[in-house]
Amino acid sequence: MPADARASNPKNPRQHEVRYGGFQLFSTGTARFDLSDPFHLIATISWPAFFACLLGSELLINTLFAFLYVAVPGAIANVRPGNLADAFFFSIETLATVGYGTMVPATLYGHIVSSVEIVTGMVYAAVMTGVVFIRFSKPRPKIVYADRPVVANYNGAPTLMIRLANGRANPLTDASVRLYALITERTAEGHIFRGAKQLTLARPHFPLFALIWTLMHRIDESSPLYGSTAETMAADSVRLILIFEARDPAVSTHVHDLKGFMPESIAFGMRYSDAVHWDEQGRPMADLGRISDLEPDVAHRTQLQEASL
């Protein structure tokens, strides 16, 4: 992905946002809403937009049929002539196949329109059942992330650490994590590109993820982050991307999650405070409320002081 591409105008209506983690990407020339793939559209829109679509479709269909009913006076018995509200509520009752019996079709035209609406209502109910199932049947893990990654000393070497926890009571199995850094690179020809470099983790797999997991990437000569400081990472706009995958035995399916971190969120010279303790019976107890708690990394600060002498 070229990094020297011109930034698009945020007010450009053809510009689309791709948001993940704590930052965004923008693209042009892509369709934000692809009506040819309604499944993907329904599965990706937000919950407020989803319920707005449900309400809007209900109002639109009933308003359309209400206008058809009032177009021909006398089509519906016991409806005041030209009264759109009566026709609208009759449409709701017909679409839902309730049929209270107070207002009924009175002419051939009324029977035809109501018959079409009844068939429309049955199809609409079936479609809405599937749509709601799509939204509620999509499993998601509840992963709690520390607010900030840290760079602290571990076994004598600077190490990038990211702490996460399972926010549900049931454990996840066969959990795996991949960590990438979006880094700006300049080619021999002078072109600037942003590439995703995978960061090797000390323990990328966890057979039983129940409590807290601290990811560790050793920043040595083989690391893409070797020699980086808080200033250089901010200047190069280095971003971290974490991809989480696991199997949830409670729903017997795989779950996924994605998290991003901005460079200014990385805390150099800090480490995570202990968030797991043991009770009187020797059982490990995780306090998710302390997952983001930090404390100074004394070893890291000592090295910095010695290097400045």
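Being a predicted model, the structure only gives us computed values, none of them experimental. The basis for the numbers below is simple: all heavy atoms, side chains too, and nothing from hydrogens, waters or symmetry mates. The residues of the chain are indexed from 1 along the displayed sequence.
Here the side chains of H217 and L201 are in contact, with some heavy-atom distance below 4.5 Å. In this structure, the side chains of I212 and Y272 stay at 4.5 Å or more apart for every pair of heavy atoms. Between E58 and L95 the shortest side-chain heavy-atom distance falls below 4.5 Å. At a threshold of 4.5 Å between non-hydrogen side-chain atoms, the residues P141 and H256 do not count as touching. Counting heavy atoms from C-beta outward, I45 and R135 have side chains that approach closer than 4.5 Å. Proximity of T200 to S223: side-chain heavy atoms (C-beta onward) are nowhere separated by under 4.5 Å. Counting heavy atoms from C-beta outward, V177 and I162 have side chains that stay 4.5 Å or more apart. Proximity of L242 to L215: side-chain heavy atoms (C-beta onward) are separated by under 4.5 Å at one or more points.
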Per-pair distances, 0.1 Å, donor-acceptor, side chain in residues 74-82, under 3.5 Å, sequence neighbours excluded:
from : atom 1 : to   : atom 2 : distance (Å)
N78  : ND2    : T102 : O      : 2.5
R80  : NE     : D86  : OD2    : 2.9
R80  : NH2    : D86  : OD1    : 3.0
R80  : NH2    : D86  : OD2    : 3.4

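R239 and S237 share a side-chain donor-acceptor pair at under 3.5 Å.
Here the OG atom belonging to S176 is positioned 13.0 Å from the CZ atom belonging to F206, to the nearest 0.5 angstrom. For the atom pair CZ (R148) and CZ (F268), the distance works out to 10.5 Å, reported to the nearest 0.5 Å. Within the model, atoms CG of L240 and NZ of K197 stand 15.0 Å from one another, a figure rounded to the nearest 0.5 Å. In this structure, L211 CG and L164 CG are separated by 11.5 Å, a value rounded to the nearest 0.5 Å. The CG atom of L225 sits 11.5 Å away from atom OG1 of T159, with the distance rounded to the nearest 0.5 Å. Rounded to the nearest 0.5 angstrom, N83 CG and F88 CZ are separated by 12.5 Å.
The neighbour count for Y154 OH, taken as heavy atoms of other residues, nucleotides or ligands under 6.0 Å away, does not exceed 12. For OH of Y109, the number of neighbouring non-hydrogen atoms (other residues, nucleotides, ligands) closer than 6.0 Å is greater than 12. Other residues, nucleotides and ligands place no more than 12 heavy atoms under 6.0 Å from the CG atom of D174.
Between the side chain of D236 and the main chain of V238, no donor-acceptor pair closer than 3.5 Å is present. Under the 3.5 Å distance criterion, the side-chain polar atoms of S91 are left unmatched by any main-chain donor or acceptor of A87. Within the 3.5 Å criterion, the main-chain N or O of D147 finds a donor-acceptor partner in the side chain of S292. Of the possible polar contacts, none joining the R271 side chain to the V150 backbone as a donor-acceptor pair under 3.5 Å is found. No side-chain donor-acceptor contact under 3.5 Å links D220 to the backbone of A157. Between the side chain of R163 and the backbone N or O of T214 there is no donor-acceptor pair closer than 3.5 Å. A donor-acceptor contact shorter than 3.5 Å links the side chain of N62 to the backbone of I92. Panel note: side chain T63, backbone L59; a donor-acceptor pair is recorded below 3.5 Å. Proximity of a side-chain donor or acceptor of N166 to a complementary backbone N or O of F209 within less than 3.5 Å is detected.
When the side chains of ILVMFWY residues are joined at heavy-atom separations under 4.5 Å, either directly or via intervening members, V70 and V104 end up in two distinct hydrophobic clusters. Note on F51 and V131: same hydrophobic cluster, where clusters join Ile, Leu, Val, Met, Phe, Trp and Tyr whose side-chain heavy atoms are under 4.5 Å apart, directly or indirectly. When the side chains of ILVMFWY residues are joined at heavy-atom separations under 4.5 Å, either directly or via intervening members, Y124 and L68 end up in a single hydrophobic cluster. The cluster map of Ile, Leu, Val, Met, Phe, Trp and Tyr, joined by side-chain heavy atoms under 4.5 Å apart, puts V123 and I61 in the same cluster. One hydrophobic cluster, built from ILVMFWY side chains closer than 4.5 Å, cannot hold both I291 and M270; they sit in different ones.
Residues S273 and E295 come closest through the heavy atom pair OG-OE1, 3.4 Å. R140 approaches R168 most closely through the heavy-atom pair O-NH2, 2.9 Å. Closest approach of P224 and I183 over heavy atoms only: CB-CD1, 3.7 Å. Residues N153 and P158 come closest through the heavy atom pair OD1-N, 3.9 Å.
For the pair R178 and Y180, the cation does not sit on the ring face, since its NZ or CZ is not both under 6.0 Å from the ring centre and inside 45° of the axis.
Aromatic ring pairs are classed by plane angle as parallel below 30°, tilted from 30° to 60° and perpendicular above 60°; the pair F65 and Y69 is tilted.
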field: Trace of the side chain to side chain contact (heavy atoms under 4.5 Å, CB included) decision for L64 with L60
entry: CA-CA 6 Å; L64 174 62; L60 179 63; 5.7 Å; no

